[in-house]
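Comments concern the structure below.
Lettering of chains follows the sequences in order, A, B, ..., and the numbering in each one begins at 1. Small disclaimer: the values here were computed from a predicted structure and weren't measured. Any value given below was found using the heavy atoms of this structure, including those in side chains, with hydrogens, waters and symmetry copies removed.
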Amino acid sequence: MHDIRYIRENPEAFDAALARRGLAPVSAELLALDAARRAKIAAAEAALAERNAASKAVGAAKAKGDEAEFARLRDLVSAKKEEIARLEEEAKAEDSRLADALARLPNLPLADAPDGADENDNVEVHRWSAPRDYAFAPKEHYEIGEAMGCMDFAAAAKLSGARFVVLSGALARLHRALAQFMIDHHIETNGLTETWTPVLVKDEAFYGTGQLPKFAEDSYRTENGWWLIPTAEVTLTNLAAGEILDGASLPRRYVAHTQCFRSEAGSAGKDTRGMLRQHQFEKVEMVSLTRPEEGEAELERMRRCAEGVLEALEIPYRTVVLCTGDMGFGARKTYDLEVWLPGQNAYREISSCSLCGDFQARRMNARFRPEPEAKPEFLHTLNGSGLAVGRALIAVIETYQEADGGVAIPAPLRPRMGGARRIGPGGALES
RNA sequence: GGAGAGGUGGCCGAGUGGUCGAAGGCGCACGCCUGGAAAGUGUGUAGGCGGGAAACCGUCUCGAGGGUUCGAAUCCCUCUCUCUCCGCCA
């Protein structure tokens, strides 16, 4: 949600920023809506002021016993009634027309987000470790997993259809070990606050983080109206909805491990094989709530938190800054972490860390009081994956695959794998 | 699923038709008191929107939306959320 006052004062800058996302200028239209709205509000309020004054006098006349004056004023107030109802309704209609228009516009990119049309224009800013050389032709994760007998897409299809998986044995355990490792890493090394949240939420929560009103078709909804979260960003960020947080409690840094649900509408034919793009997956999500001036530094910190997981697991990756054409709806700047998948011979996204500024906070009315006595201000919100668990499993399988079809277990995961150092080609844990 | 009770400011809590944005308390801010603090004490302390350079003015908000009334935190209806008890249950 944008601040109409900012647009009023900076219409050119606003249009220029949206143009970087490939959108046509809208400020003139918004300002016209705003002018109409303000005129209606002024008219309605003037009528209300008149009525209130008369209404007040009614009480006085009644108290004095001046029946004639009482009757006159009472009739005056009655006469105004219809006019006021009409003006108020018009004002409300104008107000929601503007609010709807604003709610459908994406956030403005930060100055240092690179311009561009699509993922080809993203800019690599960091690369960690080199893809290693394999003395054999590396396989894709699903080839390895299926051969092990620990990854079953046919069974999942029987239960649920396409884009689901059944994990078993060593890979089910490795998947769980990854999630546990990540969340422990974030609370122990990065000081994030572990949080457990619902995965079913109300419309308001979806509106607050920007899934509604535009992206309803990307998510699942229960018959009684709950939405299944596509990411814990929804629940963690909405924790602040409607609140006025104590400025001294900022920044707040949350981490949660949840199931995530996505319809993947619009990705037909993309990544149809394997676990890369599923309707249901697990993710460890980080969310930070900060003061406005802290947001950009927090984005760097969050990115480092995510990168730290990959470094601990010794998985080669690179970090890119998304260009304006590839950024999400609510983001002002986004870093994507991409792991090297030798089986695919490509870098693939495993984390996305975004600074949203006050965009979400405005939508959900999430504020903080900078100092005691001071006026509340909107929080700035950030979210980032730390990391997508299913994709991390893919990365481990492909990175640590061995010639015989076995997979070595990265050192930090071994304690959670019963001390095993390797999963054999038949799916057995080996020490 | 059944029955009942409730949603008031940053928090707690009074308030059943008229000057109530709303007593009191807590918290917080500033001052007094104190060697310093605590205690005590005084004053102040909601937010949104519109207008205005500002002071300030107007307007709305007592869960949400409708209704009754000249006038609603207060009466009526609908919805929603929370809590308690019962049932069921991981």
Legend entry - Complementary nucleotide for B:C70 - Watson-Crick or wobble, under 3.5 Å: B:G18

Inset, instruction - Establish, yes or no, whether a centroid distance under 6.0 Å links the rings of A:Phe281 and A:Phe261. - result: no

Legend entry - Pairing partner of B:C85 (Watson-Crick or G-U wobble, both distances under 3.5 Å): B:G2

Legend entry - Span that lies between the C1' atom of B:C88 and that of B:C11, in whole angstrom: 37 Å

Inset, instruction - Determine the contact category for A:Arg8: base if any of its heavy atoms lies under 4.0 Å from a base atom, sugar-phosphate if only primed atoms, P, OP1 or OP2 are that close, otherwise nothing. - result: sugar-phosphate

Inset, instruction - Anything under 30° is parallel, anything over 60° is perpendicular, the rest tilted; go ahead and classify A:Trp227 against A:Phe206. - result: parallel

Legend entry - Sugar-phosphate only, base, or nothing, as touched by A:Lys92 at under 4.0 Å among non-hydrogen atoms: sugar-phosphate

Inset, instruction - Rounded to the nearest angstrom, tell me the gap between atom CD in A:Glu243 and atom C1' in B:G9. - result: 14 Å

Legend entry - Rounded P spacing from B:G50 to B:G15 in Å: 37 Å

Inset, instruction - Give none if B:C79 has no partner; otherwise give the nucleotide forming a Watson-Crick or G-U wobble pair with it, both distances under 3.5 Å. - result: B:G63

Inset, instruction - Please give the nucleotide sitting opposite B:G44 as a Watson-Crick or G-U wobble pair, both distances under 3.5 Å, or none. - result: B:C28

Inset, instruction - Take atom CD of A:Glu371 and atom C1' of B:C30, then tell me their distance rounded to the nearest Å. - result: 15 Å

Legend entry - Atom-to-atom span, CZ of A:Arg367 to P of B:G9 - whole angstrom: 13 Å

Legend entry - Short side-chain N/O contact from A:Arg369 to OP1 or OP2 of B:A46, under 4.0 Å: no

Inset, instruction - By nearest nucleotide on RNA chain B, pick out whichever of A:Ala42 and A:Glu50 is the more 5' one. - result: A:Ala42

Legend entry - Whole-Å distance separating the CD atom of A:Glu377 from the P atom of B:G10: 16 Å

Inset, instruction - Please state whether the phosphate of B:G48, meaning OP1 or OP2, lies under 4.0 angstrom from any side-chain nitrogen or oxygen of A:Lys375. - result: yes

Inset, instruction - Specify the residue among A:Ile4 and A:Ala49 whose closest nucleotide of RNA chain B lies further upstream toward the 5′ end. - result: A:Ile4

Legend entry - Integer angstrom distance from the C1' of B:G47 to that of B:G10: 11 Å

Legend entry - Whole-angstrom distance between B:G63 and B:G58, as gauged at atom C1': 26 Å

Legend entry - Whole angstrom value for the distance that separates C1' of B:G71 from CZ of A:Arg51: 8 Å

Inset, instruction - Return the value, rounded to whole Å, for the distance between atom CD of A:Glu88 and atom P of B:G50. - result: 16 Å

Inset, instruction - Grab the CD1-P distance between A:Ile84 and B:U59 for me, whole Å please. - result: 11 Å

Inset, instruction - Answer yes or no: is there an ion pair linking A:Arg97 with A:Glu94, defined by an N-O contact shorter than 4.0 Å? - result: yes

Inset, instruction - Could you work out the separation of B:U82 and B:U8 based on their P atoms and round it to a whole Å? - result: 14 Å

Legend entry - Same-atom distance (P) from B:U74 to B:G18, integer angstrom: 12 Å

Legend entry - Separation of the P atoms in B:C79 and B:C85, to the nearest angstrom: 25 Å

Inset, instruction - Once you apply the 3.5 Å cut-off to both distances, tell me the Watson-Crick or G-U wobble partner of B:C33, or none. - result: none

Inset, instruction - Taking only the side-chain nitrogens and oxygens of A:Arg5, find out if one of them lies under 4.0 Å from OP1 or OP2 of B:C49. - result: yes

Inset, instruction - Determine the Euclidean distance between corresponding P atoms of B:C57 and B:U45; express it in Å to zero decimal places. - result: 14 Å

Inset, instruction - Output yes when A:Arg8 and A:Asp34 qualify as a salt bridge under the 4.0 Å nitrogen-oxygen rule, no when they do not. - result: yes

Inset, instruction - Could you please name the option among B:G48, B:C49, B:G51 that lies closest to any side-chain atom of A:Arg38? - result: B:G51

Legend entry - Residues A:Arg304, A:Glu307: salt bridge by 4.0 Å N-O rule: yes

Legend entry - Complementary nucleotide for B:C56 - Watson-Crick or wobble, under 3.5 Å: B:G51

Legend entry - Length of the CZ-P vector between A:Arg37 and B:U59, whole Å: 18 Å

Inset, instruction - State, with a plain yes or no, whether a side-chain heavy atom of A:Ile315 is found less than 4.5 Å away from one of A:Tyr400. - result: yes

Legend entry - SB check A:Lys283 A:Glu285 (cutoff 4.0 Å): yes

